Number of protein chains: 2
Amino acid sequence: MSRVTNTKRVLQELFNQQETSRADIARDLKLNKSTVSSIYNDLDEQGFIEEVRVGHSTNNGGRRPQMIRLDRNYGFVVSFNIGANHLSSMFNFVNGELIRYNRQPIKDSDILSIMQMIKQEIMRMQCANETKHGLLAIGFSIHGIVDNEKIIDSPFLQLQGIDLQQYFEHEFHVPVVLENEANLSATFEHDFYIDHVVKDLISISIHRGIGMGVIANGSLYHGFRGMAGEIGRALTTTDENGHEGALVKVESLCSEDAILKQVRELVGPAKFKQERLADLYRDSADVQAIFNRAARLLAEVAYNAEVCFGPQAVFFNAAIFEELPDFYNNLKQELTKLGGTIPVKMVHGSRLTSLYGCASLSIHRVLQMDGYHLKFKLPKEIQLAD
Amino acid sequence: MSRVTNTKRVLQELFNQQETSRADIARDLKLNKSTVSSIYNDLDEQGFIEEVRVGHSTNNGGRRPQMIRLDRNYGFVVSFNIGANHLSSMFNFVNGELIRYNRQPIKDSDILSIMQMIKQEIMRMQCANETKHGLLAIGFSIHGIVDNEKIIDSPFLQLQGIDLQQYFEHEFHVPVVLENEANLSATFEHDFYIDHVVKDLISISIHRGIGMGVIANGSLYHGFRGMAGEIGRALTTTDENGHEGALVKVESLCSEDAILKQVRELVGPAKFKQERLADLYRDSADVQAIFNRAARLLAEVAYNAEVCFGPQAVFFNAAIFEELPDFYNNLKQELTKLGGTIPVKMVHGSRLTSLYGCASLSIHRVLQMDGYHLKFKLPKEIQLAD
DNA sequence: TATTAGTTTATATAAACAACTAACTTACGA
DNA sequence: TCGTAAGTTAGTTGTTTATATAAACTAATA
């Protein structure tokens, strides 16, 4: 093993254990104590190490270990999600812990003014910075196809030829990472859901469109030209009343946007604005019908994915499920009907998943730990329910 | 880099170039000439190297290189495919080249007598052996679910509790590998179709059942408990005449076995035996209808897979396509109708793909090169057509 | 004579090893 | 109860060993 590899393995150990010691690391990695000691000194010099406390001896006695962990004050990363009406931003310490989450409305959808907001947001945090190295990386959660750090298609955001990565790398002199939103949610579920080792999972995101992120063999799977998991673009027929309908995209029928649009058209814009979605659902069989069809379609899509990938678990990220648990329960029933057998999980706090996933991606990049599994603590704002 | 890694990289280079030289390897791997020289001597001692010819100098002069390649006479591997009526076996040199292919009928389907045949087949080759190390590994192509070298489910072959791996490892003292048939075909397409670099592909096999093998990020994807690609088990409705039918497995409608059974029932056993399948197809609209439905179903399945995985190419391995090209063309049309855009390839010589894939797997195992891409020469008995 | 292939020798890096110090627990005798 | 010896564990400091590189070599060409 080369020095570089061993250093990465020590850093990984430092990251993944709550706290550890040099002796522990040597035992776990089957390295000599002196090797670990040497690498430790390198890492310490770079500011990666925080001494937590002095540990206990065993019952047999012996010198007490100095317990250490990754120093979260090494630096921070920031992630952005440009939504339909809001710009979400999240700052995280290098260990993934939350520093600040913010969600601000976007008045006009002009890309330049959004970029201005992003810049301000970063500069504000840079002023308040108390970490050793400050800003380490910037990440963007993209609602579109991303291949090899390049945005191939961005249906919901007009970029007007602007290269986000290039601009912000020049502005802040740190790496800028771009990744598809569903892929980032999948990354979140893989890296933060660490009670169980899940190396193969799919994560279905339902927001303005529908996307699926895939973790295969413990790492994100992009497919050719980033096309993996583009299930929203799958075609289905609009066969409503028995007679065969036209071929349309799945997401034009059961994305959050599409569903809300159907409900709005059904109940009228006034009532739609006044009442809560849950009330509209409860009181109207017609509204329920819209959701039932969406649930059926989503179940089909999820079932197909389950058969193809044979994952260990399926995750759903959808604010509309949180708002309307009946919708989710309906979907689960439809899935069972089709023959689905894999555990299905629903994320409470789906607004945050792609940002946390983005933080993980940035941190991997900054630490040059791509391909290494870093385990993050599940934030308390997010729950994974059945 | 450690010695072990560098040795593997040199061996990989030796494998993947038709012929090369020490100087070339040093340049390609960016290693020092002396490092390569040292590793070369190790490999030479082990018998991996064959000196081919003395190369040419450049126009500037200079000593001529000694051209070398992997010595195929290092040893051989053997692969078996236990089919419905036949036992296929294939012997390959360590570089993947064919030594012998054999297909013999199985009189009774008793597992013990099949094992006896396998043993004899191997011993016969061991007698004729002229390679340095003889038999290196034994592989089995399994029509069923395999997880982590264990057969989870084998619907077409009654194993009666016999552990193939354990038995043959004890008998011949070489590693025995087990892998799913569709996965092996996918491995073949990945490792032998080397004109284009294809890191993400799916390979659909239609024989007694229907299976899909997946190469993701350049390596075989198994999914949780080997369940990836079990598309034959997907459910579909038997909605024939407008009214909704029962849920049945896809492979119960469009596997080769299922199709032939339907045709036999339609035309009667006598006629089915006498005439060629192509003639039956040409002469009967009813027979065509059976195939058309199968084509539609297969297109659906393939399209779903394409959307989920976003592969660079889709391969079909099916003897029935070779026998009936119209069936395949039909499938391609249906795929286009659904919106498929990915290149589709059909394998001529599909009987051999899983055996060649198995050889690749065994060779990877023997050389301890798992995770390294070894490029094999496409055998002339197999063509990949559009 | 310049150039390239490949080997030999010397040197630097880094991992393992062995022996060390530091700091603890336990057992036991006074 | 105290004190001390024996045993255990953490972590450091030379020393040895493995291995990659660099430099200097030989061999063989245009």
Side-chain angles (χ1 to χ4, degrees), chain A residues 1-14 17-46 48-71 368 372, chain B residues 1-14 17-46 48-71 368 372:
Chain A
M1 295 283 171
S2 76
R3 179 69 161 198
V4 177
T5 313
N6 280 336
T7 304
K8 287 185 184 193
R9 296 209 300 152
V10 171
L11 191 55
Q12 183 183 31
E13 201 69 7
L14 211 55
Q17 305 311 129
Q18 296 290 343
E19 55 175 34
T20 182
S21 67
R22 274 156 281 198
D24 270 335
I25 293 171
R27 268 189 295 269
D28 286 1
L29 301 184
K30 280 163 189 158
L31 289 174
N32 196 282
K33 281 190 295 176
S34 54
T35 306
V36 173
S37 211
S38 161
I39 291 171
Y40 172 97
N41 289 325
D42 287 359
L43 291 174
D44 194 21
E45 223 167 79
Q46 294 172 65
F48 279 114
I49 286 165
E50 181 188 7
E51 300 193 332
V52 190
R53 63 182 182 91
V54 174
H56 293 292
S57 305
T58 65
N59 290 335
N60 307 325
R63 178 174 167 177
R64 296 184 310 187
Q66 175 62 253
M67 303 312 282
I68 53 176
R69 67 177 170 208
L70 183 76
D71 190 354
Q368 298 181 277
Y372 287 78
Chain B
M1 294 288 171
S2 76
R3 179 69 161 201
V4 178
T5 313
N6 280 337
T7 304
K8 287 184 183 191
R9 295 209 298 152
V10 170
L11 191 54
Q12 183 183 30
E13 200 70 7
L14 212 53
Q17 305 313 128
Q18 297 289 344
E19 56 174 32
T20 182
S21 68
R22 275 156 280 198
D24 270 337
I25 293 172
R27 269 188 296 268
D28 285 1
L29 301 184
K30 282 165 188 157
L31 288 174
N32 195 284
K33 282 191 296 176
S34 54
T35 306
V36 173
S37 209
S38 162
I39 290 171
Y40 172 97
N41 289 325
D42 286 359
L43 291 174
D44 193 21
E45 221 166 84
Q46 293 171 66
F48 280 114
I49 285 165
E50 180 187 8
E51 301 192 333
V52 191
R53 63 182 181 92
V54 175
H56 293 291
S57 305
T58 65
N59 290 335
N60 307 323
R63 178 173 165 179
R64 296 184 308 187
Q66 175 62 253
M67 302 312 281
I68 52 175
R69 68 176 170 208
L70 182 76
D71 189 355
Q368 297 182 277
Y372 288 77

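Each chain gets a letter, A, B and so on, in the order the sequences are listed, and its residues count up from 1. Predicted, not measured: the structure shown is a model, and the values here were computed from it.
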Nearest-Å distance for atom pair [atom1]/[atom2], residues [X] and [N]:
X: A:I49; N: D:dG11; atom1: CD1; atom2: C1'; value: 13 Å
X: B:R9; N: D:dT19; atom1: CZ; atom2: C1'; value: 14 Å
X: B:Q66; N: C:dT4; atom1: CD; atom2: P; value: 19 Å
X: A:I39; N: C:dA14; atom1: CD1; atom2: C1'; value: 9 Å
X: A:N6; N: C:dA14; atom1: CG; atom2: C1'; value: 9 Å
X: B:Y40; N: C:dT8; atom1: OH; atom2: P; value: 13 Å
X: A:I25; N: D:dT9; atom1: CD1; atom2: C1'; value: 16 Å
X: A:E51; N: D:dG11; atom1: CD; atom2: P; value: 10 Å

_OP1 or OP2 of C:dA15 versus the side-chain N and O atoms of A:R3: is any pair under 4.0 Å?_
yes
**Message:** I want to check one thing: is the phosphate of D:dA30, taken as OP1 and OP2, less than 4.0 Å away from some side-chain N or O of B:S57?
**Reply:** no
For the [atom1] atom of [X] and the [atom2] atom of [Y], what is their distance to the nearest 0.5 Å?
X: B:Q17; Y: B:M67; atom1: CD; atom2: CE; answer: 9.5 Å
X: A:L14; Y: A:L70; atom1: CG; atom2: CG; answer: 5.5 Å
X: A:N6; Y: A:L31; atom1: CG; atom2: CG; answer: 4.5 Å
X: A:Q368; Y: A:L11; atom1: CD; atom2: CG; answer: 10.5 Å

Closest to side chain of [X], choosing from [options]:
X: A:R22; options: C:dT4, C:dT7, D:dG11; answer: D:dG11
X: B:R63; options: D:dA10, D:dT13, D:dT26; answer: D:dT26
X: B:N60; options: D:dT29, D:dA20, C:dT4; answer: C:dT4

Walking DNA chain C from its 5' end, the first of A:K30 and A:R64 to be reached, judged by nearest nucleotide, is A:K30
On DNA chain C, more 5' by nearest nucleotide between B:S34 and B:R27 is B:R27
The salt bridge (Lys or Arg N to Asp or Glu O under 4.0 Å) partner of B:R69 among B:E13, B:E50, B:E19 is B:E50
Scan B:T58 against the nucleic acid and name what it touches under 4.0 Å (heavy atoms): base, sugar-phosphate only, or nothing. sugar-phosphate
Scan A:N32 against the nucleic acid and name what it touches under 4.0 Å (heavy atoms): base, sugar-phosphate only, or nothing. base
